[in-house]
Protein chains: 2
Amino acid sequence: MDQGVALFHPEQMDLRLSKSSQVYELLREAIISLRLAPDAPILEREISAQLGVSRTPLREAILQLATENLVRIAPSDGTFVNRIIPSEVLQGQLVRDTIEMRLTRLAARNFGDTFEKDFELSLFRQSSAAKRQDVDEFFALDNEFHRLICQCAGFPEAWQTIHGATGQLDRCRRLAFSLEAHYSAVYDEHAAMYEKLRTRDEDGVAEIFQVQLDSTFPSIDILLRERPDVVAGAEADFDIALIR
Amino acid sequence: MDQGVALFHPEQMDLRLSKSSQVYELLREAIISLRLAPDAPILEREISAQLGVSRTPLREAILQLATENLVRIAPSDGTFVNRIIPSEVLQGQLVRDTIEMRLTRLAARNFGDTFEKDFELSLFRQSSAAKRQDVDEFFALDNEFHRLICQCAGFPEAWQTIHGATGQLDRCRRLAFSLEAHYSAVYDEHAAMYEKLRTRDEDGVAEIFQVQLDSTFPSIDILLRERPDVVAGAEADFDIALIR
DNA sequence: TCCTTGATGTTTATATACCAATATATCGGC
DNA sequence: GCCGATATATTGGTATATAAACATCAAGGA
């Protein structure tokens, strides 16, 4: 009813996972990429029909998104995609700046040779996606790269914690990325990080990662300038000094 | 069938929340307190009957617990309480040591007088629970105290991230607590932290919090000595040096 | 003896239908 | 135009049924 063309199709799903997980991944990607825009309603009946699943797994997926504050469930009213909430973007930045930074240092300290081929494959795919200017793919590979670092640090489950706390931040980074398309800069940073990891240069990898983290702040500026409509509240809420 | 007496009763539930959330809190508390022991099966039919809710909200609660790795869902086999997983205890410690430490410092920097009464009420209730030697209550208030600090730091949602990452750690702390019952030491630390927060002494509060964080390591020793049966894997897996 | 095979029962995973509660929109009356 | 009754849509929760996967164990053959 709402859209002329359906946003979701059954063939998008990854059949190896449970239905709930498949639907969750699909919805999350749609929200992060802004294909599902802030304030857009999520109709259980409509989406379950589009995807060919029942309300049960769909509801489970939506609940998960609600715990990440990506959607807002208003009982007896509807479920809606949340706008980008400045304080939660900053919270995500705080999480990356603390845990992920610590894990990245640990990964350098404990780097094991068995990860070499994983990193090299990841970097190759990144360069490939960069050449094709494929935002979706590159952004997914960016996440995979950092998840790989968590594994390398010996705390693979920690990625879940980080990922669950950076939904709002990801929307912001992703949007800035699609507007700026600075593929090569990010690729170069990742390649440099890998070199430092491989040589167990803890301070070296931390320094580069800090640069990448700080590049979020210009992204926030871009977001505010280009798409104030997707942000909740006033510009002043982005008080970056709060976390420095 | 499994137990002579039912672990759960309908009257335990907090009616202000949704059924899913009520069941989630109840199950989580039971797991953290070890009333639901590791390897114990969680039967959807049985528990939904005990609590007087249908399988749908119960399942949603179980799924949430599964994302925290407190339970393991084996499709077509059963759902079981996980043992305490050393690497995830350390991960929880890592999370507290990084994010929560940062937030605690922020709370001191931004302390607002409106929080004074909240802290004072919390401390009063802590001392009351300590007098009564009420482990359940004191442990819950301990968590509430740290959550309050997150609020005070301006990132109330961040508690969710911390809480979701420290389930395994909490079981360990909680068990050591019930074996040691060092109520007064923890209360004194909290009172001292509040004093430092109130006077906006960032380094001061950080120092005390660090002491409290470090007290986890003796707790791990207690856990290994007294209850090796609830731990997954070998003692050697607790390689604390990994995160120092 | 050992291995394979298949029957059987249990459990989760999903689907479906239905009811309750409630927020919102609609529409009529003034 | 404003207000209130009513209709409608949506989530929350219940109940039940079916499917699919798996563990277990007995039976049977090499």
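The structure presented is a predicted model; accordingly, all values stated were derived computationally and were not measured. Numbers restart at 1 for each chain; the letters A, B, ... are given by sequence-line order, proteins then strands.
- Relative ring orientation between A/Phe145 and A/Phe119 is described as perpendicular, the plane-to-plane angle rising above 60° on a 0-90° scale split at 30° and 60°.
- Put simply, CZ on B/Phe80 is 11 Å from C1' on C/dT12, counting in whole angstrom units.
- Atom CZ of B/Phe124 is surrounded by 12 or fewer heavy atoms from other residues, nucleotides or ligands within 6.0 Å.
- Nucleic acid contact class of A/Leu58 (heavy atoms, under 4.0 Å, all strands): none.
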* Structure fact -> Expected string for nucleotides 17-26 of chain C under the B/S/- scheme (protein heavy atoms, under 4.0 Å, primed atoms plus P, OP1, OP2 as sugar-phosphate) is -B--BBSS--

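- Atom CG of B/Asp118 is separated from atom CD1 of B/Ile149 by 12.0 Å, given to the nearest 0.5 angstrom.
- For A/Ser20, no side-chain nitrogen or oxygen approaches OP1 or OP2 of C/dA13 to under 4.0 Å.
- Whole-Å rounding puts the A/Glu44 CD to C/dA15 C1' distance at 14 Å.
- Atom CD1 in A/Ile42 sits 8.5 Å away from atom CG in A/Leu58 (nearest 0.5 Å).
- Heavy-atom minimum distance, A/Lys19 versus A/Pro57: CB-CB, 3.9 Å.
- Residues B/Ile85 and B/Gln168 share a closest heavy-atom pair of N-OE1, 3.0 Å.
- Using a 4.0 Å heavy-atom cutoff across all strands shown, A/Ile62 reaches no nucleic acid atom at all.
- In summary, contact between chain B and DNA chain D, defined as any nucleotide atom under 4.0 Å from a heavy atom of the protein, begins and ends at D/dG13 to D/dC22 in the 5' to 3' direction.
- Nearest heavy-atom pair, A/Leu148 versus A/Phe115, reported as atom, atom and distance to 0.1 Å: CD1-CD2, 4.2 Å.
- Considering CD of A/Gln91 and CZ of A/Arg96, their distance stands at 13.5 Å, rounded to 0.5 Å.
- Rounded to whole Å, the distance from CD on A/Glu60 to C1' on C/dT12 is 11 Å.
- Summarising the geometry, the separation between NZ on A/Lys19 and C1' on C/dT12 is reported as 14 Å, rounded to the nearest angstrom.
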